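Structure record follows, encoded as structure tokens.
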Number of protein chains: 2
Amino acid sequence: MRYSATHKQETRDKLIDSSRAIAKKGGFDSTGVDALMSAIGLTGGAFYSHFGSKGELFAALVEREIDNSNEMLAGGPDSPPDHVAKCLRSYLSTFHVLHPEAGCALTTLGPEIARSTPQVRAKVEKSMKKMQKNWTERLDGDSDKAWGLLAQCIGAIVMARVVESERTRQEILASSRRVVEKMHRG
Amino acid sequence: MRYSATHKQETRDKLIDSSRAIAKKGGFDSTGVDALMSAIGLTGGAFYSHFGSKGELFAALVEREIDNSNEMLAGGPDSPPDHVAKCLRSYLSTFHVLHPEAGCALTTLGPEIARSTPQVRAKVEKSMKKMQKNWTERLDGDSDKAWGLLAQCIGAIVMARVVESERTRQEILASSRRVVEKMHRG
DNA sequence: GTCTATAGCATGATAGAC
DNA sequence: GTCTATCATGCTATAGAC
């Protein structure tokens, strides 16, 4: 064959990673297969050598997205004691608000995931519960606080992105940072 | 003319209200003009007697959506002292999670609003600031708490909708209710 | 104001050449 | 595995009859 043994897997990986960013920035439904493929230098026809349908890509994309989030937010056993605090700060950053393509999928694809298949939602749920349990341990067993901090962060980013002025954006972020700090300590 | 003087305004109103629910349930971009019109018993061609483009409907729809939210959440001067507490409870309800078409637009159209025009975002911002100021007054001037409660609520609904099991949905809602109660009092 | 018909384009998906 | 070509359908928007 004209292609190396690992070529297919590499192309698939590139497609998923590229599509993750594109979907988070412009929406998944709103983006065509041609656009997703041309973003990695291929044409639309080649898509179906990798996925049976556009929906299958969405499932793969969300799965990688949550794996990535878990890695970033849950952290390993060697994480510093202020791991949660560091996560909260970087999550509630201006950079995160201005770069949805590099950020948390729940703030951009949340509604599309909610409309997706039970299989997709089941994987998201599993990942979120893992996240929440990990944080609960780091928060002296306070499971409400773990869910609460996650909700606080997600809501703040959604709000900060729907407003127009930079001033209000910063106001929302600053308030939310103070609120999570208070929640985190109290 | 064959139509009454108020007919156009009535049709426009019906279209906006019908489209609000449809967009919140299935997404605005994902829904065609034909579907929006046939939902009120008309054909697609008639759409352009009311709006110059699909985007103009989105702007009108979001504007009514935020007017509605302000009316529900801000309340008037004759609202009871536990107005905020009542709002939080009804917002963080199972009904809200299961009926996006009747709920808060930020939890469903947030990402689409974020990608929309500056004009749309400016109106959303104005409405949110009004909301937040109103709640700040009801919360003894604590503006952080007002922003924080809003973020907490929005994030909790988004999270509750992306999970599959009813158990986890209830767990998220219950935790969030306890968190906002603690925030509200503390 | 609403209808049907249609332009013009984009979409998701398939077929066959290489 | 990727290409081009294509099918069938969907879309936004317009034109003209009523």
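Atoms considered below: every heavy atom in the structure, side chains included; atoms not considered: hydrogens, waters and symmetry mates. So you know, we letter chains A, B, ... as the sequences are listed, proteins then strands, and number each from 1. These figures come from a predicted structure and were not determined experimentally.
With no hydrogens or angles considered, no side-chain donor-acceptor pair links B:Ser93 and B:Ser90 at under 3.5 Å. Side chain to side chain, A:Arg161 and A:Thr107 meet the donor-acceptor criterion of an N or O pair below 3.5 Å.
Rounded to a whole Å, the CZ atom of B:Arg12 is 17 Å from the C1' atom of C:dT2. To the nearest angstrom, P of C:dT14 lies 15 Å from CZ of A:Phe51. What separates CG of A:Leu42 from C1' of D:dT2 is a distance of 7 Å, to the nearest Å.
Checked by atom type and distance alone, the side chain of A:Glu56 pairs as donor or acceptor with a backbone atom of A:Gly52 at under 3.5 Å. Without hydrogens or angle criteria, A:Ser127 side chain to A:Lys123 main chain gives no donor-acceptor distance under 3.5 Å. B:Lys54 places a side-chain N or O within donor-acceptor distance of the main-chain N or O of B:Phe28, the cut-off being under 3.5 Å. Panel note: side chain A:Lys24, backbone A:Gly103; a donor-acceptor pair is recorded below 3.5 Å.
Phosphate contact (OP1/OP2 of D:dT14, side-chain N/O of B:Tyr48, threshold under 4.0 Å): absent. For C:dT2, the OP1/OP2 oxygens have a side-chain nitrogen or oxygen of B:Thr11 closer than 4.0 Å.
Distance from the side chain of B:Thr43 is smallest to C:dC3 among C:dG12, C:dC3, D:dA13. In this structure, the nucleotide among C:dT2, D:dG1, D:dT12 sitting nearest to the side chain of B:His50 is C:dT2.
Between B:Tyr91 and B:His96, the ring planes are perpendicular. Angles over 60° get that label, and only those under 30° would be called parallel.
For DNA chain D, none of the residues of residues 13-30 of chain A falls under the heavy-atom distance limit of 4.0 Å. A heavy atom lying under 4.0 Å from DNA chain D marks none of the residues of residues 31-40 of chain A.
At a threshold of 4.5 Å between non-hydrogen side-chain atoms, the residues B:Arg89 and B:Val180 do not count as touching.
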